[in-house]
Amino acid sequence: IFRVVAPLGQLTYSIYMWHGLFILVFMNIIGDKILHVSTIVMICIAILTYFMILSWSYFSFVYMETPARKWIDRLKFAPAAPSLSKNRAI
């Protein structure tokens, strides 16, 4: 079971970033405010919403986060200045 669930660990940041928007739009705005659906339909919308969150999070991880992380890793940063605490006599 851990081999099935382990890849979700890679998606946790994407899920965190996107879940609020998807829940707001699909469950609160569309399901509750616009359509005024029943409880059973809202449960179906919730299941569909969470499937969309996972799908979009995977897309975001593969096509946005991973390329951005690789690009940042290629950047050359200036070396850090020496720390003053190392030179200070105690």
Side-chain angles (χ1 to χ4, degrees):
I1 190 164
F2 292 115
R3 290 179 190 239
V4 174
V5 181
L8 287 177
Q10 295 289 326
L11 298 178
T12 55
Y13 183 71
S14 292
I15 291 170
Y16 166 74
M17 292 301 293
W18 293 108
H19 82 280
L21 178 67
F22 277 82
I23 290 171
L24 176 73
V25 170
F26 291 104
M27 293 180 67
N28 293 345
I29 295 174
I30 294 174
D32 189 36
K33 306 292 186 220
I34 294 175
L35 300 178
H36 306 289
V37 296
S38 67
T39 304
I40 300 296
V41 176
M42 191 59 118
I43 290 171
C44 293
I45 290 174
I47 293 169
L48 180 64
T49 300
Y50 284 105
F51 175 74
M52 289 188 297
I53 290 169
L54 290 174
S55 301
W56 187 257
S57 295
Y58 177 78
F59 172 82
S60 172
F61 177 75
V62 171
Y63 294 106
M64 288 187 255
E65 289 178 43
T66 302
R69 193 175 301 115
K70 288 179 181 177
W71 178 76
I72 289 171
D73 288 344
R74 287 192 310 256
L75 292 177
K76 304 282 190 232
F77 293 103
S83 174
L84 295 176
S85 63
K86 290 181 183 178
N87 299 332
R88 190 181 302 170
I90 296 177

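Residue pairs meeting the side chain to side chain donor-acceptor pair (under 3.5 Å) criterion with at least one member in residues 12-32, sequence neighbours excluded: S14-E65, W18-S60.
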Verdict with reasoning, Q10 to Y58, per side chain to side chain contact (heavy atoms under 4.5 Å, CB included)
CA-CA 9 Å; Q10 295 289 326; Y58 177 78; over 6 Å; no
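With hydrophobic clusters built from ILVMFWY side chains whose heavy atoms lie under 4.5 angstrom apart, F51 does not share a cluster with L24.
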Anything under 3.5 Å between a donor and an acceptor, one on a side chain of residues 39-50, the other on a protein residue two or more places apart or in another chain? List them.
unit_1: T49; atom_1: OG1; unit_2: I45; atom_2: O; d: 2.6

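Qualifying side chain to side chain contact (heavy atoms under 4.5 Å, CB included) partners for I15, counting only residues two or more places apart in sequence or in other chains: L11, I53, L54, S57.
By the 4.5 Å heavy-atom criterion applied to side chains, M27 and F22 are not counted as neighbours. Proximity of R69 to F61: side-chain heavy atoms (C-beta onward) are separated by under 4.5 Å at one or more points.
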